[in-house]
Number of protein chains: 2
Amino acid sequence: MATDVLDATFAALADPTRRAILARLKEGEATVTELAAPFAMSQPGISKHLRVLERAGLISRGRDAQRRPCRLETAPLRDAMDWLANYRSYWEESYQRLDALLGELDHDGPDAAERETP
Amino acid sequence: MATDVLDATFAALADPTRRAILARLKEGEATVTELAAPFAMSQPGISKHLRVLERAGLISRGRDAQRRPCRLETAPLRDAMDWLANYRSYWEESYQRLDALLGELDHDGPDAAERETP
DNA sequence: CGGTTTTATAACCAGTTGGTTTTCTACCGT
DNA sequence: ACGGTAGAAAACCAACTGGTTATAAAACCG
């Protein structure tokens, strides 16, 4: 998993407009003007965002006369999730420790193991 | 899940130095100089990266005399994974469709249902 | 052909980012 | 009290971002 791929992916995801565009593309292909409609932004503004998404591999574009329909590409999203998944065990481990602590408190009260002379 | 939280999280993750710092912190707490050691970068450079990570909630810092040990905080990583997980069904669906298509080909050949006058 | 629609490109601007060097503060050990 | 160590803060810089307007290119429609 090349670092600059993750760089581009995370950077592309760090903008709410671009995340909204991706969310819209989950519903299916869309043209640039369709994608631009919900936003109070100029068309070239949207085109710039689309170029960022395209260079990150998050969308691909076809041809339909004048239109350039965009479609979602999920491969980089999976790479990003794979990277994040490396941390899943870490936070689940925290839960396990918390669970164990709570269980111990419930049973014996705090520091039951360390107590010696009651 | 507030959008500016995801903004800050993804933006923080979009830098290889910062991702390497997080990876190091999986092994446990570390001081600034410990974190800086592997990089060909000035100490203030690392401090700047740490501030970005801290403002994104990805690390927290304690006190140990002059040292400010950093520890990993996973909550924003979970939020990021939650957001990405919304796309998991999409790419799995693609696999399902591919699976279905391959199964159909194997059984009846393509377009078996549409055939009428052989 | 001429006009309209769809998209891309260019040039520009303000603000942010990633890095530097220099300096400052706070704490430790002797 | 004093010198050394850990880290932060400030000032600066080049490069990149996110937005704009204006213009151009490509393909349709009549």
Side-chain angles (χ1 to χ4, degrees), chain A residues 3-25 28-73 76, chain B residues 3-25 28-73 76:
Chain A
T3 120
D4 42 336
V5 170
L6 282 178
D7 286 8
T9 304
F10 282 130
L13 294 180
D15 181 281
T17 303
R18 287 194 291 262
R19 288 198 307 276
I21 289 174
L22 293 180
R24 163 64 183 79
L25 288 177
E29 292 197 356
T31 67
V32 176
T33 36
E34 281 166 357
L35 290 172
F39 301 100
M41 193 185 300
S42 64
Q43 169 261 315
I46 298 293
S47 277
K48 274 191 162 190
H49 282 302
L50 291 176
R51 204 180 46 166
V52 172
L53 290 169
E54 189 176 21
R55 305 197 74 214
L58 284 162
I59 65 173
S60 61
R61 336 190 57 170
R63 228 330 130 83
D64 169 29
Q66 314 111 333
R67 266 137 284 166
R68 304 291 313 275
C70 302
R71 101 181 344 256
L72 182 59
E73 295 292 336
Chain B
T3 119
D4 43 336
V5 170
L6 282 177
D7 287 6
T9 304
F10 282 130
L13 295 180
D15 182 282
T17 303
R18 287 193 292 260
R19 287 198 306 276
I21 288 174
L22 293 181
R24 164 61 185 80
L25 288 177
E29 291 197 355
T31 67
V32 175
T33 35
E34 281 166 357
L35 289 172
F39 301 101
M41 193 184 301
S42 63
Q43 168 260 314
I46 298 292
S47 278
K48 275 191 162 192
H49 282 302
L50 291 176
R51 206 180 45 165
V52 172
L53 290 169
E54 189 176 22
R55 303 198 75 213
L58 284 161
I59 66 172
S60 61
R61 336 190 59 169
R63 224 336 124 85
D64 169 28
Q66 314 110 334
R67 267 138 281 165
R68 306 291 315 276
C70 302
R71 101 185 337 259
L72 182 59
E73 295 291 336

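Scope of the values below: all heavy atoms of this structure, side chains included, with no hydrogens, waters or symmetry mates.
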Working for side chain to side chain contact (heavy atoms under 4.5 Å, CB included), residues Thr9(A) and Phe10(B): CA-CA 9 Å; Thr9(A) 304; Phe10(B) 282 130; over 6 Å; no
Side-chain donor or acceptor of Arg19(A) paired with backbone N/O of Leu13(A) under 3.5 Å: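 Yes, Arg19(A) side chain to Leu13(A) backbone: donor-acceptor pair under 3.5 Å.
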Backbone of Leu25(B) reached by a side-chain donor or acceptor of Arg71(B) within 3.5 Å: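 A pair under 3.5 Å: no.
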Along DNA chain D, first and last positions that approach a heavy atom of chain A under 4.0 Å: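 Listed 5' to 3', the contact boundaries are dG18(D) to dC28(D).
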Residue pair Ile59(A), Leu22(A): steps toward the side chain to side chain contact (heavy atoms under 4.5 Å, CB included) verdict: CA-CA 8 Å; Ile59(A) 65 173; Leu22(A) 293 180; 4.0 Å; yes
Nucleotides bounding contact with chain A, strand DNA chain C, heavy-atom threshold 4.0 Å: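 On DNA chain C, the outermost contacted nucleotides are dT5(C) to dT9(C).
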What is the minimum heavy-atom distance between [X] and [Y], and which atoms define it?
X	Y	result
Ala65(B)	Arg63(B)	O-CD, 3.4 Å
Ile46(B)	Phe39(B)	CD1-CD1, 3.8 Å
Pro76(B)	Ala56(B)	CG-O, 3.5 Å
Glu73(A)	Gly57(A)	CB-O, 3.3 Å

Pairs involving residues 35-53 of chain B, ordered by first then second residue, that meet side-chain hydrogen bond (donor to acceptor under 3.5 Å, both in side chains) (sequence neighbours left out):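 Matches after skipping sequence neighbours: Arg18(B)-His49(B), Gln43(B)-Ser47(B).
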Close approaches to DNA chain D from residues 37-45 of chain A, in residue order (heavy atom, under 4.0 Å):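 Here the set is Met41(A), Ser42(A), Pro44(A), Gly45(A).
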Interface with DNA chain C, restricted to residues 54-69 of chain A and to heavy atoms under 4.0 Å: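 Hits under 4.0 Å, by residue number: Arg61(A), Gln66(A), Arg67(A), Arg68(A).
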Set of residues satisfying side chain to side chain donor-acceptor pair (under 3.5 Å) with respect to Thr3(B), sequence neighbours excluded: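 Partners of Thr3(B) under the side chain to side chain donor-acceptor pair (under 3.5 Å) test: none.
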Residues Thr31(B), Arg68(B); criterion side chain to side chain contact (heavy atoms under 4.5 Å, CB included); working and verdict: CA-CA 6 Å; Thr31(B) 67; Arg68(B) 306 291 315 276; over 6 Å; no
Residue pair Val32(A), Arg67(A): steps toward the side chain to side chain contact (heavy atoms under 4.5 Å, CB included) verdict: CA-CA 8 Å; Val32(A) 176; Arg67(A) 266 137 284 166; over 6 Å; no
